[in-house]
Amino acid sequence: MHLSFVPPRRVKIGDAAAFAGTTPRAIRHYHAIGLLPEPERGGDGRRRYGHQDMIRLLWIRRMAGAGIALDDIRDALTADTGSVGDDREHGDSGGGDVDGGDVDGGDGIALILERLENSLAAQEAVLRRQRTAVQRMRAEGSRMGLLSDVVTDRFKSLPEGSLRQGELDTLLVTERIFGPLGAAVQATRFIALATHPALREESDRVDAAEEALDDTVAVDDPRVARVAAERHAFEGALDAFIEESGLAGDDDALFEAWDARDFATTDQEEDEEEAADDDGGGDRGSGGRRARTMSAFEAVGRMPYDFSPARLRCMELAEQLAAQDAPTA
């Protein structure tokens with residue numbers, strides 16, 4: 001049995017741009033101004049982006065979508081403080097080109113006015129979303145405020161500092177692929193770890209064991225099966241705690257509340273398309289639209305994870321153990 005899908009270890013600039021909702025031109029601009037470090041290049045001389053490159057790129061996009069200037073984003077990420085910069089407006093006047101319209105005729109004037117009204121309405125909506133994002137960041141005191149409110153609301157009862165940066169990174173990726181609801185459900189896992197020290201300790205131990213399955217470890221090494229069994233046992237203990245603590249009921253309530261909400265698109269998805277003026281990306285149309293409509297399968301294929309063959313085999317074995325324990329119909 002093999003995994004149905006093996007994530008790439010590194011991706012080219014086109015896939016990196018598509019996953020992050022931007023353009024290759026914008027990414028090259030980030031490199032030029034020192035916002036995004038240059039990644040290593042493959043044998044063909046082309047850039048290859050790894051997991052940490054993508055994490056940084058996603059945070060850049062979220063911050064730009066919130067109206068934060070690129071210089072401020074660079075300073076914030078370099079300092080790794082998670083603080084925000086100035087809340088600045090985009091430079092787009094919103095007027096756009098009006099070529100082809102007959103300005104002397106009624107239809108031409110009506111078309112121009114319609115375009116102008118739509119542009120102004122869009123700018124007003126963007127400014128409202130940017131202000132909300134900045135207010136959330138100020139209230140949260142960290143980049144967690146850039147995640148959707150339905151996600152951050154899950155952590156309101158936790159003490160400050162309970163959530164690790166790696167967990168924020170994971171939520172960011174999950175929200176990009178599966179949307180705010182997917183990330184909000186995943187938050188249950190991190191709430192459980194934050195409130196159960198023994199589970200947190202065991203989680204760290206199993207994570208470290210998996211990370212030790214690097215390229216020097218053969219796929220048939222006995223350690224692979226042992227770590228898979230440890231992962232399976234840990235996930236079982238975590239699920240049991242989630243059920244016993246009532247967190248599973250919180251998930252049910254979350255689904256019910258979500259069904260009552262009227263969302264066409266998420267704030268972050270719309271912000272990312274409007275952020276092109278800040279990042280020098282230029283094309284705000286097809287590139288952003290493709291990223292927003294790509295399937296979860298396509299998105300997963302564009303997010304690299306540097307997993308060795310041994311670690312992938314470990315994940316496969318853990319899945320087999322979980323399938324064996326799954327209740328039959």
Side-chain angles (χ1 to χ4, degrees), residues 7-8 10-33 35-36 39 47-70 73-74 76-77 90-92 122-123 125-127 129-130 132-134 136-137 143-151 168-183 263-305:
R10 292 187 176 274
V11 296
K12 296 180 180 179
I13 192 170
D15 285 334
F19 181 86
T22 186
T23 64
R25 178 184 174 187
I27 293 179
R28 286 190 287 268
H29 178 64
Y30 295 156
H31 292 319
I33 64 174
L35 181 56
L36 183 66
R47 297 178 178 90
R48 294 293 191 275
Y49 296 83
H51 182 74
Q52 289 304 318
D53 298 317
M54 295 299 295
I55 291 294
R56 187 178 179 96
L57 180 58
L58 286 173
W59 282 123
I60 290 169
R61 294 299 300 163
R62 285 297 176 93
M63 291 180 176
I68 303 172
L70 294 185
I73 295 175
R74 181 180 58 225
L77 292 179
H90 294 303
D92 188 6
Q123 290 181 57
V126 168
L127 290 175
R129 290 193 294 271
Q130 289 177 353
T132 298
V134 171
R136 287 207 305 264
M137 283 193 72
R143 277 178 263 171
M144 184 163 66
L146 287 172
L147 299 174
S148 296
D149 55 356
V150 70
V151 180
L168 279 177
D169 295 342
T170 299
L171 290 168
L172 177 70
V173 173
T174 299
E175 187 170 332
R176 178 61 185 166
I177 297 176
F178 299 107
L181 181 59
F263 280 109
T265 57
T266 68
D267 290 350
Q268 285 77 9
E269 289 174 329
E270 293 178 84
D271 288 343
E272 287 169 355
E273 184 180 19
E274 298 297 333
D277 288 328
D278 279 310
D279 62 30
D283 180 10
R284 297 190 301 172
S286 60
R289 183 66 61 183
R290 283 195 300 270
R292 285 162 50 190
T293 58
M294 65 181 172
S295 68
F297 181 83
E298 291 173 319
V300 169
R302 288 169 171 161
M303 183 64 193
Y305 288 87

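We number each residue from 1, following the sequence as shown.
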**OP:** Would you sort out whether Arg176 and Met303 count as a side-chain contact (heavy atoms from CB on, under 4.5 Å), showing the intermediate values?
**Re:** CA-CA 10 Å; Arg176 178 61 185 166; Met303 183 64 193; over 6 Å; no

Original post:
To the nearest 0.5 Å, what is the distance between NE2 (His31) and CD1 (Ile13)?
Top reply: 5.5 Å

Original post:
If we only count heavy atoms from C-beta on, is the Val173 to Thr170 side-chain gap below 4.5 Å?
Top reply: no

Original post:
Does a side chain donor of either Tyr30 or Arg61 reach within less than 3.5 Å of an acceptor in the other side chain?
Top reply: yes

**OP:** Report yes or no: does Ser148 contribute a side-chain atom to a donor-acceptor pair with the main-chain N or O of Val151 at less than 3.5 Å?
**Re:** no

Original post:
Between Arg62 and Leu147, does a side-chain contact (heavy atoms from CB on, under 4.5 Å) hold up when you go through it step by step?
Top reply: CA-CA 8 Å; Arg62 285 297 176 93; Leu147 299 174; 4.1 Å; yes

Original post:
Got a second to check how far Arg48's CZ is from Lys12's NZ, nearest 0.5 Å?
Top reply: 5.0 Å

Subject >> Test applied, side-chain contact (heavy atoms from CB on, under 4.5 Å); reference residue, Ile55; option that passes from Leu168, Ile60, Asp169 >> reply: Asp169

Subject >> Step-by-step side-chain contact (heavy atoms from CB on, under 4.5 Å) determination, Leu146 to Glu175 >> reply: CA-CA 11 Å; Leu146 287 172; Glu175 187 170 332; over 6 Å; no

Subject >> Spatial distance of atom NE2 (His29) from atom CD1 (Ile27) [nearest 0.5 Å] >> reply: 12.5 Å

**OP:** Measure the spacing between CG of Leu77 and CZ of Arg143 and express it to the nearest 0.5 Å.
**Re:** 5.5 Å

Subject >> Stepwise side-chain contact (heavy atoms from CB on, under 4.5 Å) check, Met144 with Leu171 >> reply: CA-CA 9 Å; Met144 184 163 66; Leu171 290 168; 6.0 Å; no

**OP:** Could you grab the distance from atom CE of Met54 to atom CG of Leu36, nearest 0.5 Å is fine?
**Re:** 9.5 Å

